Amino acid sequence: MANTVLVGAQWGDEGKGKIIDFLTEKADIVVRSQGGNNAGHTVLAGDKKYVLHLIPSGILRPGKQCVIGNGVVLDPVALVEEIEGLRGQGVAVGSNLVISDCAHLVMPYHRALDSAKELAKGKNKIGTTGRGIGPTYGDKVARTGLRLADLMQPEIFAAKLATRVEEANAQLKAMGAEAVSYKAILDASLAAGEKLRPHVVNSVLYLHKALQAKKELLFEGAQGTFLDIDHGTYPYVTSSNTTAGGAATGSGVPPHRIDTVLGVMKAYTTRVGEGPFPTENSEIADLLHGMGREFGATTGRARRCGWFDAVSTRYAAMVNGIDEIAITNLDGLDTVETIKVCVDYQLDGQTVEVPPSDYQRLSACQPVYIEMPGWKTPTDQCKTFAELPKAAQDYARKIAELTGGKLLIVSVGAHRDQTIVL
Ligand code: GDP
Ligand code: IMO
Ligand code: MG
């Protein structure tokens with residue numbers, strides 16, 4: 001039995017949802033421990049496409065349990081919509097979903113503040129998803145947040161919300177933004193709260209009982225290493241710990257009960273929103289966008305694209321303790337003649353060992369590339385590693401070697417069955 005943390009090793013959208021769905025077949029419980037509905041995890045199962053935002057991607061596998069842990073920030077109205085949307089697609093959501101009563105609530109004023117702050121930043125904006133994530137984590141850290149436990153007690157919630165709305169409206173007014181309505185928020189939140197009530201538990205106790213019963217846990221990371229509030233390209237990051245350590249604090253599962261860290265990375269690099277991106281490249285962006293690929297699952301924005309960056313994934317391997325590697329979207333490079341891989345950064349005429357911590361210096365880094373021959377053959381029907389063209393095998397092995405970690409999975413398409421296990 002192994003408890004696994006799956007993390008994104010780049011800037012998010014690495015294909016975590018697809019890999020989680022694949023691995024859930026063998027796990028018992030899938031746990032989200034950070035982030036909120038800024039995440040968009042795509043799973044293709046049969047002829048259906050699902051995009052999960054707050055609910056763990058394990059929900060699509062009958063008989064598996066899903067947990068939204070204490071470290072997640074959740075918008076109760078959006079969560080109810082997601083549950084109902086899944087039910088509309090024929091997915092059972094009932095006792096298979098449990099939610100921590102310590103999860104912080106994203107309220108409409110958080111979304112309003114998110115937008116107002118972005119607007120005020122002008123050209124220095126972060127390019128957030130607009131889901132209110134930063135302001136909600138801000139309240140959590142400032143110890144003024146509202147939690148699901150509050151929403152379960154309507155009178156307490158109503159009183160706390162009144163204070164919070166008053167403060168938020170003062171802030172919104174100062175920023176020239178529209179005020180939010182206390183009554184509208186109260187009514188919508190309480191209605192959503194009643195629908196969520198059957199799912200709300202002390203998830204720490206729930207997970208400890210599961211560990212005692214020798215259940216296998218799979219932690220579904222959201223976002224990616226370089227969006228981490230501590231280790232990412234600050235301030236162009238999200239507001240949670242997206243790296244492996246976040247799985248322990250965000251769920252209450254002790255670190256020593258985590259056995260393996262699986263790093264998911266695309267065969268190239270993408271990023272949405274603003275911020276430094278050393279290997280960004282317009283040719284590969286045009287190629288992928290031309291194939292109808294790399295548009296955001298949450299906001300629909302075109303993702304920025306670039307070559308694989310082994311300097312950053314090497315750092316991701318270090319900060320997460322990546323043992324195993326899943327490479328996704330290898331098929332995205334099927335038509336490329338010569339593939340570049342960044343193996344070093346040059347800054348001020350010197351090689352830097354790790355990505356500089358400040359975004360100005362990181363933006364000034366010049367990538368040093370090696371070139372590898374493309375395979376110019378479709379890989380999407382390959383079922384085993386041996387069936388991949390030799391150049392594709394070499395490329396996947398090179399990425400794993402440069403990053404450091406055992407190559408476990410190569411994904412050659414969005415469907416469940418387009419997954420090669422080594
Ligand atoms: P996540 O946020 O990490 O779960 O990733 P997203 O779902 O936001 O973005 C990944 C995109 O790549 C989705 O559209 C997936 O369906 C798709 N995808 C995942 N793996 C593969 C793959 O190996 N090949 C192809 N063609 N698409 C993939
Ligand atoms: P998944 O789980 C890619 C990015 C936003 C923005 C920054 C801050 O699907 O990989 P936020 O709304 O969190 O305050 O935005 O983080 N971002 C993501 N980029 N994938 C995600 O999630 C992301 N979640 C947030 O684009 O640059
Ligand atoms: Mg995504």
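Quick note: residue numbers are just sequence positions, from 1. Numbering of ligands and ligand atoms starts at 1, following listing order. Since the model is a prediction, treat every value here as computed from it, not as a measurement.
- Under a 4.0 Å criterion applied to the non-hydrogen atoms of A39, ligand 2 contributes the atoms 1 (P), 2 (O), 9 (O), 22 (O).
- Closest to atom 10 (C) of ligand 1, if we only count protein heavy atoms, is D13 O, 3.7 Å.
- When the options I420, T42, L44 are ranked by their closest heavy atom to atom 7 (O) of ligand 1, first place goes to T42.
- Scanning all protein heavy atoms for the shortest distance to atom 20 (N) of ligand 2 gives D13 OD1, 3.1 Å.
- The pair K398-D394 does not meet the salt-bridge criterion, since no charged nitrogen lies less than 4.0 angstrom from a carboxylate oxygen.
- For ligand 2, the atoms closer than 4.0 angstrom to any heavy atom of R301 are 5 (C), 26 (O).
- Each of the atoms 23 (O), 24 (N) of ligand 1 lies under 4.0 Å from some heavy atom of V412.
- In this structure, the protein non-hydrogen atom closest to atom 28 (C) of ligand 1 is N329 OD1, 3.3 Å.
- Evaluated for a side-chain hydrogen bond (donor to acceptor under 3.5 Å, both in side chains) with T243, the options D230, T225, D228, N320 yield exactly one hit, D228.
- When each atom of ligand 2 is checked for a heavy atom of G273 under 4.0 Å away, the hits are 27 (O).
- Looking only at heavy atoms of the protein, atom 11 (C) of ligand 1 is closest to R303 NH1, 4.1 Å.
- Looking at D13, its N, O or S atom nearest to the Mg ion (ligand 3) turns out to be OD1.
- Here the protein heavy atom with the shortest distance to atom 13 (O) of ligand 2 is T238 OG1, 2.6 Å.
- Contacts between Y236 and ligand 2 below 4.0 angstrom, taking non-hydrogen atoms only, are absent altogether.
- Classified by interplanar angle (parallel below 30°, tilted 30° to 60°, perpendicular above 60°), the ring pair F226/W11 is tilted.
- For the pair D114 and ligand 2, the shortest N or O to N or O distance does not fall below 3.5 Å.
- Assignment of V237 to the shell around ligand 2 is supported, since a heavy atom sits closer than 4.0 Å.
- Put simply, part of G413 is less than 4.0 Å from ligand 1, judged by heavy atoms.
- Counting heavy atoms of neighbouring residues, nucleotides and ligands inside a 6.0 Å radius, atom NZ of K49 does not exceed 12 of them.
- Considering every non-hydrogen atom in both C66 and I59, the closest pair reads SG-N, 3.3 Å.
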* To do: Would you check, one step at a time, whether the test side chain to side chain contact (heavy atoms under 4.5 Å, CB included) holds for N329 with T270?
  => CA-CA 11 Å; N329 289 274; T270 65; over 6 Å; no
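- Heavy atoms of G40 approach ligand 1 to within less than 4.0 angstrom.
- Note: no N/O pair closer than 3.5 Å links A222 and ligand 2 by distance alone.
- Residue G127 approaches ligand 2 through these ligand atoms, each under 4.0 Å from one of its heavy atoms: 5 (C), 6 (C), 26 (O), 27 (O).
- Taking the six-membered ring where tryptophan is involved, the planes of W307 and Y369 are perpendicular, since the angle between them exceeds 60° and thus also 30°.
- Inclusion of G40 in the first shell of the Mg ion (ligand 3) is supported: an N, O or S atom falls under 2.8 Å.
- Note on ligand 1: Q418 sits outside its first shell, no heavy atom being nearer than 4.0 Å.
- Within the 4.0 Å heavy-atom shell around ligand 2 one finds H41.
- Heavy-atom distances between R303 and ligand 2 stay at or above 4.0 Å for every pair.
- Among all non-hydrogen protein atoms, the one lying nearest atom 24 (N) of ligand 1 is D331 OD1, 2.8 Å.
- Close approach of ligand 1 to K18 (heavy-atom distance below 4.0 Å) involves ligand atoms 20 (N).
- When non-hydrogen atoms are compared, ligand 2 lies under 4.0 Å from the side chain of L227 (C-beta onward) but not from its backbone.
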* Could you walk me through whether L23 and I409 pass side chain to side chain contact (heavy atoms under 4.5 Å, CB included), step by step? => CA-CA 10 Å; L23 295 175; I409 291 174; 4.0 Å; yes
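- Close to ligand 2: K16, with a non-hydrogen atom less than 4.0 angstrom away.
- Surrounding NZ of K173 are at most 12 heavy atoms belonging to other residues, nucleotides or ligands under 6.0 Å away.
- At a 4.0 Å cut-off, not a single heavy atom of M291 sits close enough to ligand 1 to count as contact.
- Under the 4.0 angstrom criterion for non-hydrogen atoms, G8 is not in contact with ligand 2.
- Residue H41 has at least one heavy-atom neighbour below 4.0 Å for each of these atoms of ligand 1: 1 (P), 2 (O), 4 (O), 7 (O).
- Under a 4.0 Å criterion applied to the non-hydrogen atoms of G17, ligand 1 contributes the atoms 4 (O).
- Here the heavy atom of the protein found nearest to atom 23 (O) of ligand 1 is S411 OG, 2.5 Å.
- Ligand 2 places these atoms under 4.0 Å from at least one heavy atom of W11: 3 (C), 19 (N).
- Ligand 2 lies nowhere less than 4.0 angstrom from a heavy atom belonging to G224.
- At a threshold of 4.0 Å, the pair D331-R293 counts as salt-bridged, since one of the basic side-chain nitrogens sits closer than that to a carboxylate oxygen.
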